[in-house]
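Structure first, commentary second.
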Amino acid sequence: MSETDTDRTRRLIIASFWTVILIGLPLWWKTTDVYRAQLPFTEIEQWSRWEASNLVFPLDFTFYFAEEDETPIELEQLSENIERALNEQFSRDAEADGLVTQLSVTVDSVKWKQWDKIVRKENEIDVDSFGNSMEEFNGRYEFYIAPGDGDMRVNLGNSRCAFVQINRKDWNELAITKILPSLLFSFFHSEYLLLSALFKPPSPEEKPNIDNMRAMKYSPRYQITFSLMNACPSTLLVDWNIEEAVNMYLKPFLDELKILSEVTVDSQVQYYAQLTVTPEKNENEGYYYLRPEMLPHFVNSAEWNLASAVSSYPTLNLILYTPEANQSPLHIHNSKGHPIDNNAFLIPRWGGIVISNPQTTNNSYKLTVEELKPIIEIFISQLRGLLGVRKFTSDDKELSAKVRYAPPPSTAITAWELDSLIRHRTAENIVAAISTLKSLSQLVSEIPNMVVLDHIQTEVLQALDSLKESCENLRTMSYVAALNHAKQALERSESAFFDPTMVSMLYFPDEHKYAIYMPLFVPVSVPLLIALLREAKKKK
Amino acid sequence: MSTTIALSSTAKRDLILIASILIRFLLFQFDNVTEILGSRVEIVTPVTSFRRLTEGIYLFQNGVPPYDGGIFHQPPLLLPIFAYIPTILTPILYTCLDLVFAYLIQEITRIKQQLYKDCPRSDGDEGEIEPWVVAGCYLLNPLTIATCLSKSTVVFTNFAVVASVYYAMKGNRSYAMFGIAMATYLSLYPITMVALIILLLNQNMPGKSIAVHCIILFIGWLSGLIGLSYLLVGSWDFLSATYGFILLLSDLAPNIGLFWYFFIEMFDQFRNFFLVVFQLHTLIFAAPLTIKFRDHPLFAVFVLGGITAVFKSYPSIGDASLYIAFLPIYSEIVNYMRYSFLITNIFLYSSLLAPIFYHLWIYAGSGNANFFYAITLVYSIGNIVLLVDATYAMLRREFDVRNPELKGREVTQK
Amino acid sequence: MWQPYRLVYLLLFNQILLISIYSAKTSDQFRENLIIKPLPDGKVLTHFEFSIHSSNVDESDYDLFPRSIGQIFQTYKARELHLTFTQGRWNYEGWGYPIAPSAGTGVELWAWLWKNENLDKNWRSLTNALAGVFCASLNFIDERSTVQPRLSFRPEGVYIDSELFNSAELRYGSLPHENVCTENLTPWLKLLPCKSKAGISSLLNSHKLYNSNFHSMSVHVQPVCQQKECHNSQLEILQTVSTVFDPVRESGKRDWSLYQLFDRDITRACPLAIESNIVLMLPEVEDYSIDPEPFSIQTVDSTKRRFGVYDLTKSKTNFKLMMKWKEAFFEYDINPIQPDVYAHRYFTGFGQEHGGIKVNLFNRNPTNSINIQYCDVIPWYLRLYMHTLKVTVNGNEISSGPSYPIKQLFYQLAVDRSRPSVMEANISLPADTITTLSIEFDKAFIKYTEHPPDANRGFDVGSAVITTLSKAESKWDSILYQQTQDGIYTETLLISLPTPDFSMPYNVITLTCTVIALFFGSMFNLLTRRFVALDSENRDKK
């Protein structure tokens, strides 16, 4: 009986040792593991394998035909015919393949007796007064078609309507069904090309798109800095009334772009801002000039205080440079050796520079708001290029129509251009968000030691939700909402990817872990295991 | 012819008593001695340093919360004790604590000898030790004297443990539980001895549902002490500054233990894990020892005290003096111990070399930390060998007592 | 005190004040001054001051005011900002008081930030942004080394008295180990309107500047008032460079010229400055000659010091200045001048375990007792024992009573690895005494990974700051508050902490684990195995 007593004691003792060790095991797990929240890898994989065919950029066209008693147009089958022809033409285009087009057409007729008078005029037609501004929004365009003599001509307005004059001999349903689709195709084809290029991986033989290389990457906020560079204030001190000028001339443009990005503007004056290149002198005409190969080295980043200390958003630097007295007047030559007109050049993805030669004999000069107007106009055109605004034109050289444009609005961007930019940026954001999420999931799965906290998981899930919403919005043609969701998706995916907590414990080789665990646990576990095995054997 | 002066045992006892009082009294007069001993890392630790206690009292009296920073890590109830005792009485307090401790251990020996006098004895036994010899061993132990002179607050913990054991052997439940609750409140590690105290109580005054009653008493006393501390200090900061500090090893000051150098050199990723491992190791032996030595709970107190003294986070020689005080009570196992010579030498060497190597590292600059670390390892091994050997001796003696015919060599098996 | 120097500006300032009141422009104003002072021990102190006043504080249009500083100041809601880079130690006993307010070695940054819920985040972003602008490692001033002194570093701008402390909080951080070099000077120069191309700033040549005995460069941004009524406050950025050169070291004589000191001449004046002066403090003894003669000489009534002023806006050609002394070689004055209040601080004790800090505060004024605020920030790894704080006056210990010098004591406990300890005291120094404060500490043992790569160099402890408050300027109305304070800095200290053996991590793990395993194995076996007699086993085997 004392035997069983001691046996029971022994079993109790071994059990108590093992209980404590079993309590310790989860603590070991908790204290040494790397916290990794679960990321939705499969969903991200699905999105990244997704082709452009799932994205649609629907457009809606309304054609208003002038009602004339002589040659009335049959409106009944016209809309379906035009629609079918339009969709066929787009889908036939092999280059823009993969992108599903969803173009809808409505036709209506308008009784406009006055059109006779207007059509005969050769002067400007105020197209914008035709439009019904209550009904127009991004994606919906109105065309006013009227018959006339002479070649086909198109007048594009600044808001979303245009006037097309077709020759009377083509004023019948059949001819219209051929003419209108090819007209629309020529205008919207280039945009579709660019959109589908976003979804295809870049091929090496492809020629780089100059527009893409010039424009800045999308950011929900931009910072524009206007800098006045005085080369030598001792001889010529220049000042400017930039704030008023910006409020008057630039603000409308920036307000228009508010849907797309927030832009903050600040300005500074730099003195003794000298160049690193030496301009050459044209002896005959007595001016100094810069050759095109000198231009990349124009900006003296070391000495000119251009960097922003507080902002992490992309900065666009717009510089107005006034040369010193012994280097003025300063002009820029083109490749043929003639001075260019507006004395300005653009640095892709960085900003723009205008060289100004103030005409004065005094030592100091102040640029007034009126004098700054042309300079700001040059800056605006540079900004349009930097922000990715594309001119809305027809790319069909053989189009036998004259295209005329309404005079540019004070906002410096027409509704057509803004719409196309919004669509392009939405697509760009969606693609960027997906690729960021894919990189994130690849990184996390390849490096098992990387910490993934809860808030990263939340952000990834929110980014995926925003992507879904954005695509839904695209389908229903609410482009502004789609843009906002795409913006959010991009912001969230980038914030998850660049989160600083992810880089905590990256490298700890496994051999070192053995050296740390073994000295204690091997000698301790041997007797424990042997005792357990013996007890188990005895039990049997 | 040699004349021997035969002193009676009471005379010897009184002589030892006076000698120990005199030594302490004399040495307390020298401020140098108390200062030097009070700053040696082997004797005081951040949780028991009297200098830090003085700083805590100073901050407390001047309205600065003492637990706000990283300097004071002792329980709050020590603050009023020392704030209101004039400095001149502190040596008397410490000396009295030592003397009462000695008295208590004497009584414990006596009770134990009475309890076990009917048990079978082995042939290899020595005669029963006199209780006052046990007290004398404690009083004249250099470890005890050094701890007393340094005014380390570990004496309070030691006193609480021994008082708890005494009252347990007397059968007084509430006082015994109060003692162990006080010891846990002061040092946290004595919580491993609660079961043993209950066993002692059961041995001396068995009753129904003794375990539940005692545990309730223990929890009650402990919460009372913690609540009182909260009222004194006004916030719960002291919990993380005292118990959190002991468990998480916030201060890596050198001491005679194993933790400090290990955690200075440990990589950050594994720090928490090894803290858990080391603290669990100190606790893991509580249940097995209680089960194995349920007939000899006093011996288990000895072994557990020893384990705590070696493996706690901030050990000092005061903890060693506590458990070594219980060793002479089991004088019967002395003959069965195999390594007494080794143990004595290890203690001697480490006591002499530790201050030297520490000086070489910190003051002379000609040694480095490894010297002192090596001596702490030697000291720990000395303690370990003592504990293992004593356990072996105890078990072997039990075996001999039960099987008196087998006195040849054995092997442990199975 | 250095009060007279401030009065110089007020003198010169007043002349411009008249002009600026009547000019309706609200554009920025830039003033530059160079003050040259020959010191008693043959050295030359040159103090450059560049100040820009800007009226449009919240706008985004920057003219002369540097855009980087303005944007940092506005974005992170700072009310006042002071940043100083110093190399070398200012010798108070040999040179008197400096013109630059801060002279603590390394980098010192303190700012009053508007109170809002992001205040700590703003402070963090502020230090990071300034680190980027000045190429200095200011980003190491994080919440573990930032403190909020209660008595020192009072606001220096012009504020309404009632909202002085309610709406903003102070943050202070310093890096005593920071080296100052050309890569900090270059961005500093880029903040000036004329950069280093024209005017007085063209003298700043880093080769000569960093070859000097003492060098301090600072940026101060604070609100100021132009007119008495202060309808709209302006923002001022004041950039100063203070350098002490030693011509005696090179030639044995005290003679100097601008070209000899800076290796450059002022070739052209800065057209953007409305005021561009060189002020030469004329020594009291008359055996010197200056070429050219000062354009005008002014006197400060209270101290009877004379200043020679050169107005550079009137000088068209290269400006050269030189000073010659009528002696063959320079003889050092054995009796140093002694300013009224200065201090020395040093470590006491030996060994790597304990130590002490002692500060000697000198009050050399024969009749007046002076009230000072003492502020000391000690890192957490020096564990101070406040109960060992001892105060002695001229060697006699004073522990309490009416003659106890410490009138008020604030102490913030250090938290390990979290915040340093801050000791601030309001001390009244009796006349003509040396007051000594001493306190003991224990050195902490820090983790293996917390030691810097050069572990045996040690750690730097920043200067203690002594502030004496002057009376508020009585020029302004009582609703406005402007205070001038003098900061007197002690030395920075270097302390070495005990180091473990850095080559040992796996060895230590193995050895300690072996000891533990030894015990565990033996004890486990004893507890779980039972004894069996050898003989019986042998009998069984048979």
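Residue numbers start from 1 in every chain, and the chains themselves are labelled A, B, ... in the order their sequence lines are given, proteins ahead of strands.
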For the interface with chain C, which of [options] has the highest count of heavy-atom pairs at distances below 4.5 Å?
options: Asp268(B), Val64(B), Ile57(B); result: Asp268(B)
options: Pro254(B), Gly365(B), Gly70(B), Pro288(B); result: Pro254(B)
options: Ile384(B), Asn62(B), Asn368(B); result: Ile384(B)

Check whether any side-chain heavy atom of [X] sits under 4.5 Å from a side-chain heavy atom of [Y], and report yes or no.
X: Phe519(C); Y: Phe285(B); result: yes
X: Leu511(C); Y: Tyr373(B); result: yes
X: Pro505(C); Y: Met266(B); result: no
X: Arg51(B); Y: Asp442(C); result: yes
X: Asp251(B); Y: Arg383(C); result: yes
X: Phe441(C); Y: Ile71(B); result: no
X: Ile516(C); Y: Phe311(B); result: yes
X: Tyr411(C); Y: Leu59(B); result: yes

Would you say [atom1] of [X] has more than 12 non-hydrogen atoms from neighbouring residues, nucleotides or ligands within 6.0 angstrom?
X: Tyr339(B); atom1: OH; answer: no
X: Arg144(C); atom1: CZ; answer: no
X: Lys115(C); atom1: NZ; answer: yes
X: Arg124(C); atom1: CZ; answer: yes

Residue pair [X] / [Y]: nearest heavy atoms and the distance that separates them:
X: Pro498(C); Y: Ile362(B); value: CB-CD1, 4.1 Å
X: Val515(C); Y: Ser380(B); value: CG1-CB, 4.3 Å
X: Phe262(B); Y: Thr512(C); value: CD1-CB, 3.7 Å
X: Asp501(C); Y: Ala369(B); value: N-CB, 4.4 Å
X: Lys292(B); Y: Arg529(C); value: NZ-O, 4.2 Å
X: Asp68(B); Y: Arg419(C); value: OD2-NH2, 3.3 Å

inquiry  = At a 4.5 Å cut-off on heavy atoms, which part of Thr499(C) comes close to chain B: side chain, backbone, both, or neither?
reply    = backbone
task = Go through the atoms of Ala414(C) and report whether side chain, backbone, both or neither lie under 4.5 Å from a heavy atom of chain B.
result = backbone
If you round to the nearest 0.5 Å, how far is [atom2] of [Y] from [atom1] of [X]?
X: Thr514(C); Y: Leu377(B); atom1: OG1; atom2: CG; result: 9.0 Å
X: Thr391(B); Y: Leu527(C); atom1: OG1; atom2: CG; result: 7.0 Å
X: Arg271(B); Y: Thr449(C); atom1: CZ; atom2: OG1; result: 8.5 Å
X: Phe245(B); Y: Asp416(C); atom1: CZ; atom2: CG; result: 8.0 Å
X: Met523(C); Y: Leu387(B); atom1: CE; atom2: CG; result: 5.5 Å
X: Ile446(C); Y: Leu252(B); atom1: CD1; atom2: CG; result: 9.5 Å

key: Side-chain (Lys447(C)) to main-chain (Ile264(B)) donor-acceptor, under 3.5 angstrom   = no
request  = Could you tell me how the ring of Phe520(C) sits relative to the ring of His281(B): parallel (under 30°), tilted (30 to 60°) or perpendicular (over 60°)?
outcome  = tilted
Below 4.5 Å from any heavy atom of chain C, which atoms of [X] appear? Answer side chain, backbone, both or neither.
X: Ile284(B); value: side chain
X: Pro46(B); value: neither
X: Tyr363(B); value: both
X: Thr376(B); value: neither
X: Val385(B); value: neither
X: Phe278(B); value: side chain

inquiry  = Only pairs of heavy atoms separated by less than 4.5 Å count here; which of Ile509(C), Thr388(C), Val508(C) has the most with chain B?
reply    = Val508(C)
query = Hey, does the Lys NZ or Arg CZ of Arg530(C) hover above the aromatic six-ring of Phe399(B), less than 6.0 Å from the centre and inside 45° of the axis?
reply = no
query = Does the side chain of Glu265(B) pick up a donor-acceptor pair with the side chain of Tyr506(C) at under 3.5 Å?
reply = no
task = For the residue pair Tyr385(C) and Thr54(B), confirm or rule out a side-chain donor-acceptor distance under 3.5 Å.
result = no
request  = Would you please indicate yes or no on a ring centroid separation below 6.0 angstrom for Trp260(B) and Tyr448(C)?
outcome  = no
query = Can Glu353(C) and Val41(B) be said to form a side chain to side chain contact (heavy atoms under 4.5 Å, CB included), step by step?
reply = CA-CA 10 Å; Glu353(C) 203 186 1; Val41(B) 287; 3.8 Å; yes
